[in-house]
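First the structure, in the form of structure tokens, and then the observations on it.
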2 protein chains.
Amino acid sequence: MTSTLGFAILSVLARGDRTGYDLAAAMRRPVGYFWTAGHSQIHAELQKLLGAGLVGFEAEHGPGPRDRKVYHLTAEGTRALREWVTEPPRERPERDELVLKTYASWLAEPELVRRMFADQLAAHETRLAEYERHEASFGGPPAPGDPRFGNYATLRCGMGYERHRAEWCRWMLAQLGEG
Amino acid sequence: MTSTLGFAILSVLARGDRTGYDLAAAMRRPVGYFWTAGHSQIHAELQKLLGAGLVGFEAEHGPGPRDRKVYHLTAEGTRALREWVTEPPRERPERDELVLKTYASWLAEPELVRRMFADQLAAHETRLAEYERHEASFGGPPAPGDPRFGNYATLRCGMGYERHRAEWCRWMLAQLGEG
DNA sequence: CACAACTATGTCAGTTCTGACATAGTTGAT
DNA sequence: ATCAACTATGTCAGAACTGACATAGTTGTG
């Protein structure tokens, strides 16, 4: 019944109480690397989670025309999240615009395709360097019971992904003939 | 104006004329590896492409209560597709349920997490073996102007992806402590 | 002091996407 | 002969998602 977005929100809330605004910020970074949502969607989903009793909030007088609401997991929310975590994931990433373009790339001018992949390669290398700097700041993997383990493990996945993508881009450039 | 799904359809049609049914089959395999759509969405999108003049069709008497319609690219459709191919892709995959679960995995029983990753690893190894068998059937990379190049290049991407994922699963299992 | 950026909430219209429902002829296996 | 699977089209309700609009106090910079 609860959507994956709902569990994404619960995952962030499990690390500490947040406002909807803070949740939206987390949905950009670091959660945005593997799940995204705009703030309008988050406010709507919070209403559903509230209705299902998985989260609660405390209101305080805040900036803007409305109360500031700090959301927290309920006991039931924690239980639901814990159960969801180890259920086999149904979906693997199934939409990838670059791969779709590649599927149709035989139609296009090779030089333009080459440029697109060169740009992609540069972007992947930049991102990998960022991730590596970020990884260094951890100073080794946290224990699997530590919330930081989640961040570290997803970062490692991101690093592997960037390496795989960069390698594929290099392979594509070799196929297309350099320059 | 045309959605990415529209271009996915045009990409399939560029390889030969198809019915909506055939397009839906292609959207499962092989296009489904990087872009998915149900047949209801495909019929709706075909109406839009028709309205935009990017595709046309020829009707013939067919099974079922309605005519069978064989769709084809128009000259304008080919032009639009060719232009789209080398425009920089805006999106990279941004929803990955397994990674989201990993982000919250510190909450769960390590043994259950371990099992989930062992299952994932097995699935990736199976898929990689399938892809490798498929790759062997190509007998080397087609030239970049050949439609089969699109299939081959996306398959290579899939192989790299499965390898990267399997490696990450193995790393996770090592972190969690084997069995 | 002015102005920008940030904090913080929400609505709303429109698009996309999913899954179920509906219909009906052809083909192949037992 | 019967039955299942396949070919082939489409609708529809509802959920998910995007991007714009709306409001307004606080904080920091020049």
Side-chain angles (χ1 to χ4, degrees), chain A residues 1-9 12-13 17-29 31-32 34-52 55 57-72 90-91 93-97 100, chain B residues 1-9 12-13 17-29 31-32 34-52 55 57-72 90-91 93-97 100:
Chain A
M1 227 194 124
T2 302
S3 70
T4 308
L5 172 59
F7 288 113
I9 290 172
V12 176
L13 248 27
D17 302 349
R18 303 282 149 99
T19 64
Y21 183 82
D22 291 335
L23 283 165
M27 282 296 160
R28 280 189 293 274
R29 184 170 33 93
V31 177
F34 42 90
W35 210 268
T36 57
H39 83 274
S40 61
Q41 220 186 324
I42 287 164
H43 284 296
E45 189 64 36
L46 280 169
Q47 291 309 307
K48 288 183 202 168
L49 294 172
L50 216 47
V55 302
F57 68 85
E58 271 158 72
E60 27 177 277
H61 163 85
R66 295 181 192 86
D67 274 358
R68 173 186 143 98
K69 295 174 188 172
V70 181
Y71 289 89
H72 57 84
R90 280 159 300 164
E91 291 152 78
E94 35 190 32
R95 269 156 213 213
D96 190 322
E97 205 170 309
L100 180 57
Chain B
M1 223 193 127
T2 302
S3 69
T4 308
L5 171 60
F7 288 112
I9 290 172
V12 176
L13 248 26
D17 301 350
R18 303 282 149 100
T19 65
Y21 184 83
D22 292 334
L23 283 165
M27 283 296 160
R28 282 189 292 274
R29 186 169 33 90
V31 177
F34 42 89
W35 208 269
T36 59
H39 83 275
S40 61
Q41 219 186 326
I42 288 165
H43 284 296
E45 189 65 35
L46 281 169
Q47 290 310 307
K48 286 183 203 166
L49 294 172
L50 215 46
V55 302
F57 68 86
E58 270 157 74
E60 30 179 274
H61 163 84
R66 294 182 192 85
D67 274 358
R68 173 186 141 98
K69 295 176 187 170
V70 181
Y71 289 89
H72 57 84
R90 279 159 299 164
E91 291 152 80
E94 35 188 34
R95 270 158 211 212
D96 190 322
E97 205 170 307
L100 180 56

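Just so it is clear: chains get the letters A, B, ... in the order the sequence lines come, proteins before strands, and each one is counted from 1. Only heavy atoms go into these numbers, but all of them, side chains included; no hydrogens, no water, no symmetry mates.
- One can place CE of M1(B) at 15 Å from P of dG14(C), the figure rounded to the nearest angstrom.
- Not counting sequence neighbours, the partners of F57(A) by the ring-ring contact (aromatic ring centres under 6.0 Å, His included) test are Y71(A).
- Ranked by how close their nearest DNA chain D nucleotide is to the 5' end, P63(A) and R66(B) are led by R66(B).
- Separating the CZ atom of R28(A) from the C1' atom of dT18(D) is a distance of 15 Å, rounded to the nearest angstrom.
- Atom NE2 in H43(B) sits about 18 Å away from atom P in dC21(C), given to the nearest Å.
- Remark: K48(A) is in phosphate contact with dA16(D), judged by side-chain N or O atoms under 4.0 Å from OP1 or OP2.
- A sub-4.0 Å separation between OP1 or OP2 of dT9(C) and a side-chain N or O of Y21(A) is absent.
- Straight-line distance from the CG atom of L46(A) to the P atom of dT9(C): 9 Å, rounded to whole Å.
- Look at Q41(A) and you'll find a side-chain N or O under 4.0 angstrom from OP1 or OP2 of dT18(D).
- Regarding contacts with the backbone of dC17(D), a side-chain N or O of R95(B) is found under 4.0 angstrom from either OP1 or OP2.
- With hydrogens and angles left out, the side chain of S40(B) and the base of dG19(C) share a donor-acceptor pair within 3.5 Å.
- Residue Q47(B) is the one, among L5(A) and Q47(B), whose nearest nucleotide of DNA chain D lies closer to the 5' end (criterion: closest heavy atom).
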